[in-house]
Amino acid sequence: MTDAATNDPHPPAGGPLDLDAFRSNGHQLVEWIADYLAGLEQRPVIEPVEPGEVRAKLPATPPRDPEPFAELLADLDQVVVPGLAHWQHPNWFAFFPAMSSPASILAEFAAAGLGVQGMLWSTSPAVTEIETHVLDWLVDLLGVPTGWKSDGPGGGVIQMSASDSTHLALVLARERCRDRTGAAVESMVVYTSDQAHSSIAKGAAIAGYRHVRQLPVNDQFAVEPGTLETAIAEDLAAGRQPAFVCAAVGTTGTTAIDPVRRFGEICADQHIWLHVDAAYAGSAMLCPEFRHHQDGLETVDSYTFNPHKWMATNFDCSVFWVADRGSLIDTLSVVPPYLRNQASDSGQVIDYRDWHVPLGRRFRALKLWWVLRSFGVEGLQQMIRSHVGWAQELSDWVDRDPRLERFAPTTFALVCFTHVDGDEATDRLAEALHQAGFAVTASTAADRRYLRVSIGSTWTEHRHVEALRQAIDASA
Ligand code: PLP
């Protein structure tokens, strides 16, 4: 940039590219973030805000002249914060956690500071190699098949979201099914549970499938292998082509677990692609005592889990592993002349642009690397075990309370329960908890309303869970 008045090529002091101003503004921002996080408990977990209220605070046109950073920062307090649901609030028990942590926040900042694109190995080798290395670490840390490491036939890549990973798995399944059977996508069938996340139906629609079977579940909210077998047989008899099965290790509604090994055997018999969605529960596998829930992973074709849910890594960071990276790269690789380079041609490097839809990619691995290093594996394990322990305690209390009924097994850190007086009483309890300053989710399954209490927000301590328990006790 050139200063128009002086023709000086250096950025003018006080202007938007002044690095001295950046230093002092950056320090102020770090202070602001620390104050925000430290003060969250004093705020409502969800700010009361009417539709259009935030926008009404914004000027109709962008500023003609530069504004000082102090005004930008002031608007975080005046415009942004009053318009938020505070996902990092210690009383956040809604949905699943969207964890964050100091190391992860700083890594995001550092990645923005570096401002690199890691689409090819050659466009920033460190971005690719750190990602590959950290995902290989995770293979061991989570006890998933070693063949998914970069020195095996498979491989992993960081995507924006589990929805992206599942969409890609659906595309790979479609291609494999077409190559093997010659079937058109219109006749291919996708199988998932009626408890599966909406991303499966959405990904299927984007990938062109017309048939998505949402299979009924048992009283544990999991699909029985026989249900899958029957559905496949019916479709084959009707001339349709089974192409893709999604097994959940931890459904969104209740953290139910489909029988991966049995699904793997059925899919292997029928040459059907098996994908595992462990978006939430995958992080629990840091602790070996949970790994029996993922038994059978060596039979699956692809797998996704979200460190951005329960591994202290802020959104976005979703891991996608495939058992055979060759089919992924063959399907997605398109090489225009401007992207050709010696390193790629040598076949010695990974170019992650061939592993997902976008070309450009940011340095997401940095935050995962920093989180693993700042917590240490034992620190992360302890965090998971604390959340699960607190959930178990709450769950045991629910079991003892005659006004409440547990709705699903408490396998990880999600506690699901209803009010024995029925749906209206359950909804009233949810509302009372909101009024008392807690964010929980009310949902429906098996035609019943129930409450989901998801423990795992970064700043939640045992005392917050105990306060929630007391609020339930007072309002039930
Ligand atoms: N799968 C499951 C089981 C989930 O619980 C969720 C989100 O809660 C998703 C997929 C979607 O995750 P993402 O927001 O990363 O697409």
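Because the structure is predicted, anything quoted here is derived from the model rather than measured. Counting starts at 1 for both ligands and their atoms, following the listed order. Note that these values count all heavy atoms, side chains included, but never hydrogens, waters or copies made by symmetry.
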**Prompt:** Do R373's NZ or CZ and the ring of W369 fall within the cation-pi criteria of under 6.0 Å and 45°?
**Reply:** yes
**Fill in**
Logged contact type for A279 with ligand 1, heavy-atom cut-off 4.0 Å, is side chain
**Asked** Do any nitrogen or oxygen atoms of S199 come within less than 3.5 Å of a nitrogen or oxygen of ligand 1?
**Response** no
**Request:** Give a yes or no on whether a salt bridge exists between E229 and R262, defined as a side-chain N under 4.0 angstrom from a carboxylate O.
**Result:** yes
**Asked** Within a radius of less than 6.0 Å around CZ of R210, do more than 12 heavy atoms belonging to other residues, nucleotides or ligands occur?
**Response** no
**Message:** Among all protein heavy atoms in this structure, tell me which lies nearest to atom 1 (N) of ligand 1, with the distance rounded to 0.1 Å.
**Reply:** D277 OD2, 2.6 Å
**Message:** Under 6.0 Å from the ring centre and within 45 degrees of the ring axis: does the NZ or CZ of R176 meet both conditions for the six-membered ring of F244?
**Reply:** no
**Item:** Residues E41, R463: salt bridge by 4.0 Å N-O rule
**Value:** yes
**Prompt:** So, are R261 and D295 salt-bridged, with charged N and O less than 4.0 Å apart?
**Reply:** yes
**Request:** Report yes or no: does S318 have a heavy atom closer than 4.0 Å to ligand 1?
**Result:** no
**Message:** For ligand 1, which is the ligand I care about here, please tell me if A162 has any N or O atom under 3.5 Å from one of the ligand's N or O atoms.
**Reply:** yes
**Asked** Touching ligand 1 at all, M160? Heavy atoms, strictly under 4.0 Å?
**Response** no
**Asked** How far is atom 5 (O) of ligand 1 from its nearest protein heavy atom, and which residue and atom is that?
**Response** T252 OG1, 2.8 Å
**Request:** Could you check atom 7 (C) of ligand 1 against the protein and tell me its nearest heavy-atom contact, residue, atom and distance included?
**Result:** K309 NZ, 3.0 Å
**Nearest-contact summary for atom 16 (O) of ligand 1 - protein heavy atom, Å** = S163 OG, 2.5 Å
**Prompt:** atom 11 (C) of ligand 1: which protein heavy atom is closest, and how many Å away?
**Reply:** H197 CE1, 3.2 Å
**Asked** Of all the heavy atoms in F96, does at least one lie under 4.0 Å from an atom in ligand 1?
**Response** yes
**Message:** Taking distance alone, with N or O pairs closer than 3.5 Å, would you say T251 contacts ligand 1?
**Reply:** no
**Message:** Below 3.5 Å, N or O to N or O, backbone or side chain included: is there any such pair between Y280 and ligand 1?
**Reply:** no
**Prompt:** Heavy atoms, side chains only, cut-off 4.5 Å: are S318 and T304 in contact?
**Reply:** yes
**Asked** Between F412 and F290, how do the two ring planes meet: parallel, tilted or perpendicular, split at 30° and 60°?
**Response** tilted
